[in-house]
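These notes concern the structure reproduced below.
In what follows, chains are A, B, ... by sequence order, proteins preceding strands, each numbered from 1. Just so you know, these numbers use all the heavy atoms, side chains as well, and skip hydrogens, waters and symmetry mates.
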Amino acid sequence: MNLDNSFKSKIYKAVKNIPRGKVATYEQIARLAGSAKAYRAVGNTLHNNPDPKNILCYRVVKKDGSLAKNFSFGGEKEQKKLLQREGVVFIDNKVDLEKHLIK
DNA sequence: CAGTTGACGGCCC
DNA sequence: GGGGCCGCCAACT
């Protein structure tokens with residue numbers, strides 16, 4: 001469970017808090033984790049991703065809606081396919097933030 | 001303990 | 001429009 005009170009746990013929990021068919025930016029995750037400017041740590045920590053099967057890190061995108069360059073799942077194309085499978089619309093290899101980005 | 005890194009973001013050239 | 005530099009924070013070595 002959430003015995004570890006580190007930022008990591010907050011980040012993971014925030015990511016898991018993202019509803020299906022929605023995406024969040026690193027800024028959003030960082031904010032949920034406690035600091036909006038901690039997006040750096042979010043990216044670094046999520047790359048450390050200890051449990052990708054439980055942590056839907058592929059729902060986390062950049063502020064432009066574009067995906068990260070190296071994902072634990074296999075790559076941007078894989079992440080893109082997973083998101084599309086959940087109903088997320090992609091435009092020019094980017095997520096339609098207007099429809100799927102969490103407010 | 002100090003230095004480096006890193007799935008980023010924003011501003012400058 | 002594209003590329004590069006700086007800045008923020010936490011984790012890793």
**Message:** Can you measure A:I29 atom CD1 to B:dG9 atom C1' for me and round it to whole angstrom units?
**Reply:** 15 Å

**Message:** Is the shortest side-chain heavy-atom distance between A:L83 and A:F90 below 4.5 Å?
**Reply:** yes

**Asked** Separation of A:K37 atom NZ from C:dC8 atom P, in whole Å?
**Response** 6 Å

**Fill in**
Whole-Å distance, A:Y26 OH to C:dC9 C1', equals 15 Å

**Prompt:** Over how many whole Å does the gap from A:R31 atom CZ to C:dC9 atom C1' extend?
**Reply:** 17 Å

**Request:** Would you confirm whether A:R59, through its side chain, and A:V23, through its main-chain N or O, come within 3.5 Å as a donor-acceptor pair?
**Result:** no

**Asked** Looking at the side chain of A:A41, which of C:dA11, C:dC8, B:dG6 is the nearest nucleotide?
**Response** B:dG6

**Message:** I want to verify a distance call: between B:dA7, C:dA11, B:dG9, whose nearest atom is closest to the A:K69 side chain?
**Reply:** B:dA7

**Complete:** Between CG of A:D64 and P of C:dG3 the distance, given in whole Å, is 14 Å

**Request:** Nearest whole angstrom, please: distance from the P of C:dG1 to the CG of A:D92.
**Result:** 13 Å

**Request:** Using a cut-off of strictly less than 4.0 Å, decide whether A:K8 has a side-chain nitrogen or oxygen near OP1 or OP2 of C:dC12.
**Result:** yes

**Whichever of A:S35 and A:Y39 has its nearest DNA chain C nucleotide further upstream toward 5'** = A:Y39

**Message:** Base, sugar-phosphate or nothing for A:T45? Non-hydrogen atoms, less than 4.0 Å.
**Reply:** sugar-phosphate

**Message:** For a quick check of understanding: with a heavy-atom distance under 4.0 Å over all strands, which category does A:N48 fall into, base, sugar-phosphate or nothing?
**Reply:** sugar-phosphate

**Item:** Separation of A:N17 CG from A:I102 CD1 (nearest 0.5 Å)
**Value:** 7.0 Å

**Message:** Output the rounded distance in Å from CG (A:L97) to P (B:dG9).
**Reply:** 11 Å

**Prompt:** Among B:dG6, C:dC9, C:dC12, which nucleotide sits nearest the side chain of A:A38?
**Reply:** C:dC9

**Prompt:** Considering heavy-atom distances to DNA chain B, does A:H47 or A:E27 have its closest nucleotide positioned more toward the 5' end?
**Reply:** A:H47

**Prompt:** Within this structure, what is the CG-to-P distance between A:N44 and C:dG7, rounded to whole angstrom?
**Reply:** 19 Å

**Request:** Would you give the length of the straight line joining atom CD of A:Q79 to atom CD of A:E76, rounded to the nearest 0.5 angstrom?
**Result:** 7.5 Å

**Message:** Go through it in stages, so that I can follow the logic: the residues are A:D64 and A:L97, the test is side chain to side chain contact (heavy atoms under 4.5 Å, CB included), and I'd like the CA-CA distance, side-chain angles, deciding distance and then a yes or no.
**Reply:** CA-CA 8 Å; A:D64 339 38; A:L97 300 179; 5.5 Å; no

